[in-house]
*Asks:* 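Got a structure for you, questions after.
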Amino acid sequence: MCGTALSWYRQVNPQCWTSEHVLEWISDHVDRIKFDASTLTLDYCTMDGATLCQMNHDQMISIFGPQLGLHLHQSLQEHKTKYGGMFGFPNPSSPESRSSDSDPEFSYPQISTPRGTHLWEFIRDILIHPERNQGLMKWEDRREGIFKFLKSEAVAQMWGQKKKNSSMTYEKLSRAMRYYYKREILERVDGRRLVYKFGKNSSGWKTEEVGMGM
DNA sequence: TTCTCGTTTCCTGTTT
DNA sequence: AAAACAGGAAACGAGA
């Protein structure tokens, strides 16, 4: 990894980036899309490349918001395919560099994320990080898996971005949610508008199951 | 290429 | 009245 130019890091596997490179890369995108950087927390931008590469689309959006998050995610995917060697996504068993540079509480549950996340998984991943999801959704009853949409149209837009469909609405998203009742991925919660409950065929949201120390 | 799955889109009717 | 909820039906795109 010999480097000379300021931006040499852009030609290497993003896994190798230091936290400075990551920060540089983020600010580059901030400039490029004229994003209002004052809405960002420097804390969340401080991570090394390996940590960055661990993040999936939803986590990226949870931290950086729908606009910047999407740009970062797409750009990172391009970097990965171009310079990231043979891996489509990061090695799940990577030892994890927990340097003081990394976000100390950066311990996402290791959920196997198949290509093309499903809607319920997308929703679940937003809920797993309530402190970072910008008030999009919240748990009504964490134990029971009951949750509520706070910004239904915003979530729908995010879902649409993920599927490259700018015309997604809550109306249409909710139809897909209702199909989950029969498959018992969701259970009905009636009388409660915008409230749903995870069913027995869902996974990855229970605190015990995920081992988040609760 | 065809088939399935998981939605997406549209719609009509009901409920809150 | 507006926004959600209910599902049927058909179209769709990705992947096997």
Side-chain angles (χ1 to χ4, degrees), chain A residues 14 53-62 64-67 69-93 108-130 132-206 209-210:
Chain A
C53 288
Q54 272 194 29
M55 286 202 278
N56 65 26
H57 174 277
D58 308 328
Q59 293 163 340
M60 206 75 105
I61 282 180
S62 296
F64 301 107
Q67 196 206 0
L70 181 72
H71 278 271
L72 293 179
H73 177 257
Q74 288 177 343
S75 172
L76 185 62
Q77 294 317 304
E78 285 164 25
H79 271 278
K80 279 181 181 174
T81 44
K82 212 164 180 182
Y83 308 108
M86 307 173 72
F87 294 101
F89 45 89
N91 184 348
S93 59
Y108 289 117
Q110 278 304 301
I111 298 157
S112 60
T113 309
R115 292 149 35 105
T117 308
H118 297 144
L119 174 59
W120 71 269
E121 297 169 299
F122 172 80
I123 297 299
R124 174 198 65 193
D125 291 346
I126 291 174
L127 280 161
I128 284 174
H129 302 293
R132 292 176 183 174
N133 75 17
Q134 305 192 296
L136 295 168
M137 322 233 313
K138 70 163 188 178
W139 290 108
E140 289 280 291
D141 186 325
R142 178 74 225 245
R143 267 289 156 70
E144 291 294 305
I146 301 172
F147 60 91
K148 178 173 186 169
F149 284 81
L150 299 178
K151 297 179 182 172
S152 53
E153 291 303 337
V155 174
Q157 278 303 305
M158 283 173 57
W159 174 238
Q161 284 183 33
K162 189 185 180 75
K163 300 289 288 293
K164 301 192 194 307
N165 173 1
S166 54
S167 60
M168 181 49 61
T169 62
Y170 176 72
E171 177 81 40
K172 291 185 278 191
L173 182 153
S174 64
R175 181 68 188 93
M177 296 287 279
R178 290 194 291 276
Y179 272 127
Y180 285 141
Y181 295 143
K182 190 174 292 183
R183 298 169 60 199
E184 297 187 273
I185 286 168
L186 292 179
E187 284 176 33
R188 267 203 161 84
V189 176
D190 29 48
R192 317 276 320 275
R193 285 157 88 98
L194 302 171
V195 175
Y196 298 80
K197 173 178 179 173
F198 284 120
K200 64 181 180 194
N201 291 332
S202 66
S203 62
W205 57 271
K206 298 186 188 77
E209 184 183 345
V210 138

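The figures that follow rest on heavy atoms only: side chains count, while hydrogens, waters and symmetry mates do not. A, B, ... follow the sequence lines: proteins, then strands. Residue 1 opens every chain.
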*Asks:* Would you mind reading off the distance between A:R178 atom CZ and C:dA6 atom C1', rounded to a whole angstrom?
*Replies:* 6 Å
*Asks:* Whole angstroms only, please: what is the CE-P distance between A:M177 and C:dA4?
*Replies:* 14 Å
*Asks:* Any side-chain heavy-atom pair from A:F122 and A:L173 closer than 4.5 angstrom?
*Replies:* no
*Asks:* Collect all protein-nucleotide pairs involving nucleotides 5-9 of chain B in which both atoms are nitrogen or oxygen and the distance is under 3.5 Å.
*Replies:*
{"unit_1": "B:dG6", "atom_1": "OP1", "unit_2": "A:R183", "atom_2": "NH2", "d": "3.3"}
{"unit_1": "B:dT7", "atom_1": "OP1", "unit_2": "A:L119", "atom_2": "N", "d": "3.0"}
{"unit_1": "B:dT7", "atom_1": "OP2", "unit_2": "A:Y180", "atom_2": "OH", "d": "2.5"}
{"unit_1": "B:dT7", "atom_1": "O5'", "unit_2": "A:Y180", "atom_2": "OH", "d": "3.4"}
{"unit_1": "B:dT7", "atom_1": "O3'", "unit_2": "A:K163", "atom_2": "NZ", "d": "3.2"}
{"unit_1": "B:dT8", "atom_1": "OP1", "unit_2": "A:W159", "atom_2": "NE1", "d": "3.1"}
{"unit_1": "B:dT8", "atom_1": "OP1", "unit_2": "A:K163", "atom_2": "NZ", "d": "2.7"}
{"unit_1": "B:dT8", "atom_1": "OP2", "unit_2": "A:W159", "atom_2": "NE1", "d": "2.9"}
{"unit_1": "B:dT9", "atom_1": "OP1", "unit_2": "A:N165", "atom_2": "ND2", "d": "3.1"}
{"unit_1": "B:dT9", "atom_1": "OP2", "unit_2": "A:N165", "atom_2": "ND2", "d": "2.9"}
{"unit_1": "B:dT9", "atom_1": "OP2", "unit_2": "A:K172", "atom_2": "NZ", "d": "3.1"}

*Asks:* Rounded to the nearest Å, what distance is computed from the CG atom of residue A:D190 to the C1' atom of nucleotide C:dG7?
*Replies:* 15 Å
*Asks:* Please tell me if A:Y196 has a side-chain N or O lying less than 4.0 Å from either OP1 or OP2 of C:dC5.
*Replies:* yes
*Asks:* Quick one: list whatever passes side-chain contact (heavy atoms from CB on, under 4.5 Å) with A:E184, sequence neighbours left out.
*Replies:* A:K200, A:N201
*Asks:* Which residues pass the salt bridge (Lys or Arg N to Asp or Glu O under 4.0 Å) test with A:K197, not counting sequence neighbours?
*Replies:* A:E144, A:E187
*Asks:* Not counting sequence neighbours, which residues clear ring-ring contact (aromatic ring centres under 6.0 Å, His included) with A:H71? List them please.
*Replies:* none
*Asks:* For A:E78, check salt bridge (Lys or Arg N to Asp or Glu O under 4.0 Å) against everything at least two apart and list the hits.
*Replies:* none
*Asks:* Please report, rounded to the nearest Å, how far the P atom of C:dA3 is from the CD atom of A:E153.
*Replies:* 10 Å
*Asks:* Need to verify one output field. Residue with the more 5' nearest nucleotide on DNA chain C, A:R188 or A:R193?
*Replies:* A:R193
*Asks:* Identify, with sequence neighbours excluded, every residue that meets ring-ring contact (aromatic ring centres under 6.0 Å, His included) alongside A:Y170.
*Replies:* A:F149
